[in-house]
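What follows is a short report on a single structure.
All of these numbers come straight from a predicted model, not from anything done at the bench. In what follows, every chain begins at residue 1, and chains take the letters A, B, ... in the order their sequences are listed.
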Amino acid sequence: MMDDWTNDRTYTWLMSTNTQNQTTIDPAATLDTRFKEAIHAAVPDLPQSQIQTHITASRQPKFGDFQSNCAMPIAKRFKMQPRELAAKIIEHLDVSGVAEPITDANIAGPGFINVTLLPDAISESLGAMDNKQLGIVVPDSPPTVVVDVCGVNLAKQMHVGHLRSTVIGDAIARLYERMGYKVIRQSHVGDWGLPIAMVVEQLITIEDAGEDLSSLTLSELNSMYKKVQAACKAETKALELIQRVGGHAKAEIELNERIADANASLEKAKSRLVALQSGDERSVQVWQRIYDITMNACLSTCKRLHTKITDEHSAGESTYRDELAPLVQDLIDRKIAIEDEGALVVQCDGIKEPTIIRKRDGGFLYATTDLAAIKRRVSKLGGDIVVYCVDSRQSLHFKQVFAAAHKAGYDKTQAGNDATLVHAMFGTVLGDDNKPLKSRSGENLNLTDLLDEAVARASATVAEKNPDMSESDRADISEAVAMAAVKYADLSTERIKDYVMNFDRMLAFEGDTGPYLLYAVVRIRSIFRKANELNIDLSNIESAPFNLNEPSEKALALMLLRYPSLIKNAGQSCEPNRLCSFVYDLASAYSAFFDKCPVLKNNDEQVRASRLRLCDLTGRVLTDALDTLGIPTVERM
RNA sequence: GCCCCGAUAGCUCAGCUGGAUAGAGCAACGGACUUCUAAUCCGUAGGUCGUAGGUUCGAAUCCUACUCGGGGUGCCA
């Protein structure tokens, strides 16, 4: 059902996208160039590098298609009258071939210069965009981007919080890929350290007691994880309170016993960790079991979510174990790390809290591992940009680690530049009580349950809308609709904000939702299916001239032309939600067009061909944008 | 205490880095299916952009203070 007719088509007449100038596609870019020239001529005192044209799309049709807001700031700087300056700029402005002539009548308000594009210019731009790359220009020597995604922990099921690092992280990676960058995904799996040793210890104990663990599931591992965590957690605070307030003596004794038990468990876990770290065969074997069970489940969920995260991207904390001691020694030798209160720390300018990289007892911490990760990602994987798609609560941690890595020079690329380290943080998923979802004990809201519920709801709707559909088609479409709904819900809001988890909102199929976008694509494909049934000749539509006489046609065309700059914008800011708004606006513009402009019903062959081509191009841009978000489309729904 | 983030329609959210009358979706109300898929479209109604100052031709957007909410803060990850 997932088809890619977009890629099946062959385009022979415009494959040379690399040499193509983007300014021929984006009218805003063309206007930018023309305005720059005019401003330079009108205000020679302004250094060319400082010229800003402030070209934006106009909000209201009466102000034309675009406007330049350049006159006001320049007038301020040179103490001129903005409207007079605007008049002077348009004297030097040449918009021939792009827009209608600019006269004094185009100057409005405090000095806005309004621009109305020539219909032919829009058509030409659309034509220039109508190629396989859809107007996106790939850089000659693309940088390498390493994107940190997913980041699950061993022995734990993925919960809704993992949706974010997986789905948003993958979308950021896809955005960079779409820009032509070389992208390497890395999943920093939490597979090392004391918590895992606890589970290993517990499993070995159970196995020694004669229990068969061959059919162990992740769900069982998950509850075991919770149990051993609780068992090792000493309730010292409660004891202190009882001692201070003077509670029941019996309670105090009981608590003391529990603390002793917890300490014993903790000691066992610690020695198990030592055994694991030194390669003890049994420990490693059990650890591997836990790893396999967790990662099998995790990667199958990643696949179900249509992310490109696979086994080869797993780079767990355990893979850094042999790199930590040499790294710490290097930092000591170069006096970057110093001892403080028994711990080894790196102190960085502007950050009060020191970065602790070795505990008093000699153990390493997650900052140590993350330093090693930066080093590997930059020097070994060749990352020019390293993006971390991780919870916002880690912001201080990454601030510290980035600064420490910089101080140590671990962020130096092979070319000798400083790699760009970005924490593309996202907000927490909250429960109804406004607390992070995972803190709700007993509530088993894991990711698989969410996805299953989404599919169940989608299936009901698909069945309702398509009573005659076959069982297998319905299953495929329901799955696609459900994933589109869930992913779009997570991707479409500003990633930094927290949100309260709400099934009904996340699984809505109407309005600004994933299914709405799929629906727009489905309506386009339906037109082409129908055209084939009617034996309408489609062979010439690829070169049909666009004619954009209807307002909804022009609006759709202008929206399409924004695509290349939007990809760049969303990619560079690591904000998939910007692409989401664009896709929604585009689908909206298409829906309005669909309503007002009959395609196949139109008897004028020229108009029909133009509209068919517009539909085709819209379909490809929508599909391409959705693919960039990691949302596959369907043929019907 | 200190640091970071957030606050926009009844609800959920956009707002392209300072532009013209602050936009969508849901919910409400009124229209549009014998028509290329109505999971749609068109319209009506809904706002002191947390509060108070400041910066300037112009502020939801920038600066300051405060209020509320969330998070972090030397040996967990």
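For A/E494, the salt bridge (Lys or Arg N to Asp or Glu O under 4.0 Å) partners at least two apart in sequence or on another chain are A/K497. Listed by chain and number, the residues in a ring pair (Phe, Tyr, Trp, His ring centres under 6.0 Å) with A/Y563 are A/F582 (sequence neighbours excluded). With sequence neighbours left out, A/Y516 forms a ring pair (Phe, Tyr, Trp, His ring centres under 6.0 Å) with A/Y584.
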- Message: Return a single string for nucleotides 72-77 of chain B, one symbol per nucleotide in 5' to 3' order, where B is base contact, S is sugar-phosphate-only contact and - is none, cutoff 4.0 angstrom on heavy atoms.
- Response: SSBBSB

- Nucleotide by nucleotide, nucleotides 17-34 of chain B touches protein heavy atoms under 4.0 Å in the pattern (B base, S sugar-phosphate only, - none) --BBB--SS---------

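Judged as a salt bridge (Lys or Arg N to Asp or Glu O under 4.0 Å), the pairs with a partner in residues 584-612 of chain A (not counting sequence neighbours) are, in order, A/E553-A/R611. Under the salt bridge (Lys or Arg N to Asp or Glu O under 4.0 Å) criterion, no residue pair touches residues 505-519 of chain A, with sequence neighbours excluded. Every pair tested for salt bridge (Lys or Arg N to Asp or Glu O under 4.0 Å) that includes a residue from residues 68-78 of chain A fails, sequence neighbours excluded, so the list is empty.
Across all strands shown, A/C597 has heavy atoms under 4.0 Å from base atoms, whether or not it also approaches the sugar-phosphate. Contact annotation for A/P598: base contact, defined as any heavy-atom pair under 4.0 Å involving a base atom.
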Which atom pairs, one a donor and one an acceptor, fall under 3.5 Å between side chains of residues 340-354 of chain A and the rest of the protein, sequence neighbours left out?
residue	atom	partner	partner atom	Å
A/Q347	NE2	A/I351	O	3.4
A/Q347	NE2	A/K352	O	3.2

Check: residues 529-536 of chain A side-chain donor-acceptor pairs under 3.5 Å, at least two apart:
residue	atom	partner	partner atom	Å
A/R529	NH1	A/E635	O	3.3
A/R529	NH1	A/E635	OE2	3.3
A/N532	ND2	A/F528	O	3.4

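A centroid separation of 6.0 Å or more is found between the aromatic rings of A/F112 and A/F63. The aromatic ring centres of A/Y366 and A/H397 sit less than 6.0 Å apart.
Using a 4.5 Å cut-off on side-chain heavy atoms (C-beta onward), A/T369 and A/H188 make contact.
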Distances for protein N or O near nucleotides 44-47 of chain B N or O, under 3.5 Å:
none

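Taking 4.0 angstrom as the limit, A/Y488 places none of its side-chain polar atoms (N or O) nearer than this to OP1 or OP2 of B/A39.
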- Would you write out the dot-bracket form of RNA chain B, 5' to 3', with Watson-Crick and G-U pairs under 3.5 Å, [ ] for crossing pairs, | for pairs to other strands and . for unpaired bases? (((((((..((((.....[...)))).(((((.......))))).....(((((..]....))))))))))))....

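Put simply, the side chain of A/R613 gets close to the backbone of A/A544: a donor and an acceptor are under 3.5 Å apart. Judged by distance alone, the side chain of A/R495 and the main-chain N or O of A/M425 form a donor-acceptor pair under 3.5 Å.
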